[in-house]
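To start, the structure itself, in structure tokens.
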Amino acid sequence: MKIISASELAQAAPYRDIVEALRQGFRDDIETPVRHQHQTSDVAILLLMPAWSKDFTGLKTVVFKSDNPAQGLPTITASYLLIDNRTGATVAMMDGTELTRRRTAAASALAADYLARKDASTMLMVGTGALAAHFVRAHAAMRPIRTVLLYNRSAHKAEGLKAELAKDGFKVGIVTDLEKAMGEADIISCATTSSEPILRGKWLKPGTHVDLAGAFKPQMRETDGEVIARARVYVDTREGAEAEAGDLLQAAQEGKFRMENIQGDLFGLCRGKTAGRRNSDEITLFKSCGTAIEDLAAATLVYSRS
């Protein structure tokens, strides 16, 4: 059995390669049952996310420990187990946290490959936590991103990310005027845990692609209803969106959107059954809730190169 660390995983799986692995994953027949959630103690939740294809079965375990920050430890720890279906033998155990961050960013970049303008060169990253650098690099693997604008409610927390991305050759700025920044961006990515709207529909310019990857519960949201109303909306999976996509569900409750007006999902886009961007002026939006398909597709790629 191979033990694959976070650094080894990162080296084996450049963002564009993960995007292509996910594209194929959404074309293939990968089974993904409903994830299991168990409260294992007063401070711990265990999530089990299985998936299987013809060749491999994968299982991601995620542990949420609410008391970890007080001990200087991360709240979330994840591992990924990969099984060879020919023998039933476990062939790899890999860092699930790095896998999740990379595949989440790659899923958004995959959607943007169908939905963002081909000439998109300026990206606004809202939220500068652990996912932010991955999102910038993944989008830049698929579009000619040269300028990156960073917005965080605590602006000083963006300084480290600015320095990190500058080393990659991006022109990076920290912004405090979100309305102005939205007017300059071709792609807007959000990765926050907000329960209140951050993006306002009246601030969107024609041709923008909006990428929502935070707000992972029905009561959470990163946009007001006007953002959803102005956009052609796509999701990773309809099942996930109907259960968890707070931005869409709350816009629907406000009468600004109907869930049946979702234009398509990654299955349809990747299989050529759903049209993506139609012209340079329309506003497109992708809401990601995550799926074990992405984990298995990315883990299989990593294993093949390790």
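Numbering of residues begins at 1 and proceeds along the displayed sequence.
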Practice task
Output, in order, the C-alpha distance, side-chain angles, deciding distance and verdict of salt bridge (Lys or Arg N to Asp or Glu O under 4.0 Å) for Glu244 and Arg35.
Solution key: CA-CA 13 Å; Glu244 299 177 353; Arg35 69 186 180 192; 3.0 Å; yes

Handout entry: Arg102 to Tyr15, cation-pi by 6.0 Å centre distance and 45° axis angle
Key = yes

Handout entry: Residue pair Asp224 / Gly201: nearest heavy atoms and the distance that separates them
Key = OD1-N, 3.0 Å

Handout entry: Whether Arg271 side chain and Phe26 backbone form a donor-acceptor pair below 3.5 Å
Key = yes

Handout entry: Closest non-hydrogen atom pair, Ala213 against Ser108
Key = CB-OG, 4.4 Å

Exercise for the section: Please confirm whether the backbone N or O of Glu8 pairs with a side-chain atom of Ser5, one donor and one acceptor, at under 3.5 Å? Expected result: yes

Exercise for the section: Check whether more than 12 heavy atoms from other residues, nucleotides or ligands sit under 6.0 Å from atom NZ of Lys205, and answer yes or no. Expected result: yes

Exercise for the section: For residues Ile45 and Gln39, report the shortest heavy-atom separation together with the two atoms involved. Expected result: CG1-OE1, 3.5 Å

Problem - More than 12 heavy atoms from other groups under 6.0 Å of CD on Glu196 - result: no

Problem - Any side-chain heavy-atom pair of Ile262 and Met259 under 4.5 Å - result: yes

Problem - Flag, side chain of Asn68 to backbone of Pro74, donor-acceptor distance under 3.5 Å - result: yes

Exercise for the section: Find the distance between CD1 (Ile174) and OG1 (Thr128) and round it off to the nearest 0.5 Å. Expected result: 8.0 Å

Exercise for the section: Would you mind reporting whether Leu269 and Tyr234 have side-chain heavy atoms less than 4.5 Å apart? Expected result: yes

Handout entry: Spacing of Thr284 atom OG1 and Arg232 atom CZ [to the nearest 0.5 Å]
Key = 8.5 Å

Practice task
Considering only NZ, NE, NH1 and NH2 on the basic side and carboxylate oxygens on the acidic side, decide whether Asp236 and Lys287 come within less than 4.0 Å.
Solution key: no

Problem - Arg137 and Glu164 ion-paired at < 4.0 Å - result: yes

Practice task
State, with a plain yes or no, whether a side-chain heavy atom of Val63 is found less than 4.5 Å away from one of Leu47.
Solution key: no

Practice task
Verify the neighbour count for atom CD of Glu239: are there more than 12 heavy atoms of other residues, nucleotides or ligands below 6.0 Å?
Solution key: no

Exercise for the section: Begin with the C-alpha distance, continue with both residues' side-chain angles, and end with the deciding distance and a verdict on side-chain contact (heavy atoms from CB on, under 4.5 Å) for Met182 and Leu204. Expected result: CA-CA 6 Å; Met182 287 179 63; Leu204 284 170; 3.7 Å; yes

Practice task
Using distance alone, with no hydrogens and no angle criterion, decide if Glu294 and Thr291 have a side-chain donor and acceptor under 3.5 Å apart.
Solution key: no

Exercise for the section: For Gln11, look at atom CD and say whether over 12 heavy atoms of other residues, nucleotides or ligands are found less than 6.0 Å away. Expected result: no

Completion exercise
Here the gap from Leu82 atom CG to Thr57 atom OG1, rounded to the nearest 0.5 Å, amounts to 8.5 Å

Practice task
Kindly check if the number of other-residue, nucleotide or ligand heavy atoms within 6.0 Å of CG (Asp119) is above 12?
Solution key: yes

Practice task
Run the numbers on Arg221 and Asp247 for salt bridge (Lys or Arg N to Asp or Glu O under 4.0 Å), then give the verdict.
Solution key: CA-CA 5 Å; Arg221 69 192 306 185; Asp247 290 274; 5.1 Å; no

Handout entry: Chi angles and distances behind the side-chain contact (heavy atoms from CB on, under 4.5 Å) call for Leu149, Met125
Key = CA-CA 6 Å; Leu149 307 175; Met125 185 70 230; over 6 Å; no

Problem - Residues Asp29, Lys54; criterion salt bridge (Lys or Arg N to Asp or Glu O under 4.0 Å); working and verdict - result: CA-CA 8 Å; Asp29 294 321; Lys54 176 183 176 182; over 6 Å; no

Problem - Test salt bridge (Lys or Arg N to Asp or Glu O under 4.0 Å) applied to Arg143 and Asp186, step by step - result: CA-CA 10 Å; Arg143 288 293 184 269; Asp186 303 313; over 6 Å; no

Exercise for the section: Report yes if some heavy atom in the side chain of Asp84 is under 4.5 Å from a heavy atom in the side chain of Asp55; otherwise report no. Expected result: no

Problem - Arg16 (side chain) donor-acceptor with Ala141 (main chain) under 3.5 angstrom - result: yes

Handout entry: N/O donor-acceptor pair under 3.5 Å between Asn85 side chain and Gly88 backbone
Key = no

Exercise for the section: For the pair Asp168 (side chain) and Phe170 (backbone), establish whether a donor and an acceptor sit closer than 3.5 Å, ignoring hydrogens and angles. Expected result: no

Exercise for the section: Compare every heavy atom of Ala138 with every heavy atom of Ala106, then report the nearest pair and how far apart it is. Expected result: N-CB, 4.1 Å

Exercise for the section: Taking the side chain as every heavy atom from C-beta outward, state whether Leu212 and Ile188 have any pair of such atoms under 4.5 Å apart. Expected result: no

Practice task
Test Lys256 against Glu226 for side-chain contact (heavy atoms from CB on, under 4.5 Å), laying out the working first.
Solution key: CA-CA 7 Å; Lys256 299 289 184 68; Glu226 192 63 26; 4.0 Å; yes

Practice task
Would you mind reporting whether Pro69 and Gln71 have side-chain heavy atoms less than 4.5 Å apart?
Solution key: no

Handout entry: Arg153 side chain reached by Ile198 side chain, heavy atoms, under 4.5 Å
Key = yes

Exercise for the section: Measure the spacing between OG1 of Thr237 and CD1 of Ile293 and express it to the nearest 0.5 Å. Expected result: 7.5 Å

Handout entry: Expected output: side-chain Glu282 to main-chain Arg278 donor-acceptor under 3.5 Å
Key = yes

Handout entry: Residues Lys60, Thr100; criterion side chain to side chain donor-acceptor pair (under 3.5 Å); working and verdict
Key = CA-CA 9 Å; Lys60 185 166 74 174; Thr100 301; 2.9 Å; yes

Problem - Main-chain N/O of Ala92 paired with Thr90 side-chain donor or acceptor, under 3.5 Å - result: no

Exercise for the section: Report yes or no: does Arg277 contribute a side-chain atom to a donor-acceptor pair with the main-chain N or O of Leu115 at less than 3.5 Å? Expected result: yes

Completion exercise
In Leu301, Thr97, Leu99, the residue satisfying side chain to side chain contact (heavy atoms under 4.5 Å, CB included) with Leu9 is Leu99

Practice task
Salt-bridge test for Glu242 and Arg258: reply yes if a basic N is under 4.0 Å from a carboxylate O, no otherwise.
Solution key: no

Completion exercise
Taken to the nearest 0.5 Å, the spacing of Thr104 OG1 from Phe216 CZ works out to 12.0 Å

Practice task
Could you tell me the separation between the CG atom of Asp67 and the CG atom of Leu73, rounded to the nearest 0.5 Å?
Solution key: 8.5 Å

Problem - N/O donor-acceptor pair under 3.5 Å between Asp95 side chain and Glu98 backbone - result: yes

Practice task
Of all the heavy-atom pairs spanning Leu124 and Ala185, show the shortest one and how long it is.
Solution key: CB-CB, 3.7 Å

Fill in the blank from the handout: Tightest non-hydrogen contact, residues Leu296 and Phe56, listed as CD2-O, 4.0 Å

Problem - Ring centres under 6.0 angstrom apart (Phe286, Tyr114) - result: no

Practice task
Take Met93 and Lys2 through the side-chain contact (heavy atoms from CB on, under 4.5 Å) test and state the conclusion after the steps.
Solution key: CA-CA 6 Å; Met93 174 68 79; Lys2 296 179 179 179; over 6 Å; no

Problem - Glu222 side chain near Leu199 side chain, heavy-atom distance below 4.5 Å - result: no

